Amino acid sequence: MEPLTAPRVLIGSEQISDRVAEIAREIVDEGYDRLILLGILKGSIHFLSDLARALPGDVRIALMRAESYGDAHQSSGEVRISLAPTLPLEGEDVLIVEDIIDSGLTLKRLQEELAVKRPKRLRTAALLRKPDAAIHQAEAHFVGFEIEPVYVVGYGLDSGERYRHLPYVGVLD
Ligand code: PRP
């Protein structure tokens, strides 16, 4: 088996942690009484964990699973939601936490599905956003970095389930 090559760094871990701290301040500035962070598995794992630790007050964590890419680098065009939110959301201030908005399809589907649960407020934080996100008009309220349309891995993002563990966002050359 060929050894894995390390992806080229696109956004380093310090840059990520600085930006996550800024997003946390933006969330605090907008205000909340009690907040549910709804992490979307699997890609959001690190962003969720870092953001949660930067937020004060009454914060709870819920999880959901959505996937459309499988092992491919292209979206299948179908979003499979295979895990319901692990906390009741009715009447709650909910912040969807996503690693990336690529075409925006996943976020659009999630927002539609979650609106039915009648949260008091439903917002989204995404670490990364690509230009195609406009296609499905999925709104994100907090965005870490606008990036070029390149395939990125690391900090939760995978290629065939590899690279999620990396502390930075990188590109496979
Ligand atoms: C990735 C990512 C987003 C979605 C973005 O999930 O975590 O949820 O794709 O793409 P879109 O905007 O084109 O819908 P993926 O299906 O790869 O599952 P994963 O998070 O388990 O890796």
Side-chain angles (χ1 to χ4, degrees), residues 4-11 13 15-17 19-20 23-24 27 36-53 61-87 89 94-117 119 122-173:
L4 278 186
T5 49
R8 176 169 57 83
V9 177
L10 183 68
I11 308 171
S13 57
Q15 211 184 336
I16 294 172
S17 58
R19 188 69 188 111
V20 172
I23 293 171
I27 294 168
I36 292 181
L37 296 179
L38 179 57
I40 309 303
L41 296 172
K42 297 180 189 172
S44 73
I45 48 172
H46 301 302
F47 183 39
L48 173 70
S49 165
D50 287 344
L51 187 60
R53 284 178 290 171
I61 294 174
L63 295 168
M64 239 178 129
R65 173 92 169 109
E67 59 180 328
S68 61
Y69 282 73
D71 280 352
H73 284 199
Q74 290 277 318
S75 172
S76 65
E78 265 177 50
V79 181
R80 197 155 60 92
I81 295 174
S82 56
L83 174 67
T86 56
L87 282 176
L89 304 183
V94 177
L95 183 66
I96 299 171
V97 180
E98 262 286 27
D99 53 341
I100 188 166
I101 308 172
D102 191 335
S103 70
L105 180 66
T106 303
L107 184 55
K108 191 78 190 166
R109 273 290 318 279
L110 284 168
Q111 288 174 340
E112 286 166 2
E113 183 121 337
L114 293 167
V116 175
K117 309 212 176 280
L122 183 63
R123 294 174 297 169
T124 299
L127 184 74
L128 308 172
R129 182 164 62 188
K130 287 189 186 177
D132 277 356
I135 294 177
H136 292 283
Q137 298 177 332
E139 284 295 315
H141 305 80
F142 307 99
V143 176
F145 302 93
E146 305 283 353
I147 62 166
E148 296 298 309
V150 289
Y151 195 85
V152 283
V153 295
Y155 197 70
L157 294 135
D158 74 310
S159 175
E161 291 300 327
R162 294 202 168 76
Y163 305 110
R164 288 195 203 272
H165 66 107
L166 296 176
Y168 64 91
V169 174
V171 178
L172 292 170
D173 288 317

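Note that the coordinates shown come from a computational prediction; the quantities given were computed from them, not determined experimentally. Computation of the quantities below employed the complete heavy-atom set of this structure, encompassing side-chain atoms and omitting hydrogens, waters and symmetry-equivalent molecules. Ligands are counted one by one from 1 in listed order, and the atoms in each one are counted from 1 as well.
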**Request:** Check each atom of ligand 1 against the heavy atoms of Ile100 and keep those under 4.0 Å away; list them by number with element.
**Result:** 2 (C), 3 (C), 5 (C)
**Any N or O of Glu67 closer than 3.5 Å to N or O of ligand 1** = no
**Request:** May I ask you to check whether Gly104 has an N/O atom sitting below 3.5 Å from an N/O atom of ligand 1?
**Result:** yes
**Asked** Considering only the protein, which heavy-atom contact is closest to atom 21 (O) of ligand 1, and what is its distance?
**Response** Arg65 NH1, 2.8 Å
**Complete:** ligand 1 atoms nearer than 4.0 angstrom to some heavy atom of Ser68 are 16 (O)
**Message:** If the contact criterion is a heavy-atom separation under 4.0 Å, does Ile40 count as touching ligand 1?
**Reply:** no
**Item:** For ligand 1, the portion of Asp99 having any non-hydrogen atom under 4.0 Å away
**Value:** side chain
**Asked** Less than 3.5 Å between some nitrogen or oxygen of Ile101 and one of ligand 1, yes or no?
**Response** no
**Asked** Can you find a pair of side-chain heavy atoms, one from Glu161 and one from Lys42, that are under 4.5 Å apart?
**Response** yes
**Prompt:** Which of the listed options, Arg80, Lys130, Arg164, holds the heavy atom that is closest to atom 22 (O) of ligand 1?
**Reply:** Arg164
**Prompt:** Hey, is Asp158 one of the residues with a heavy atom under 4.0 angstrom from ligand 1?
**Reply:** yes
**Request:** Please determine, by modelled atom types, if Thr124 and Gln111 share a side-chain donor-acceptor pair under 3.5 angstrom.
**Result:** yes
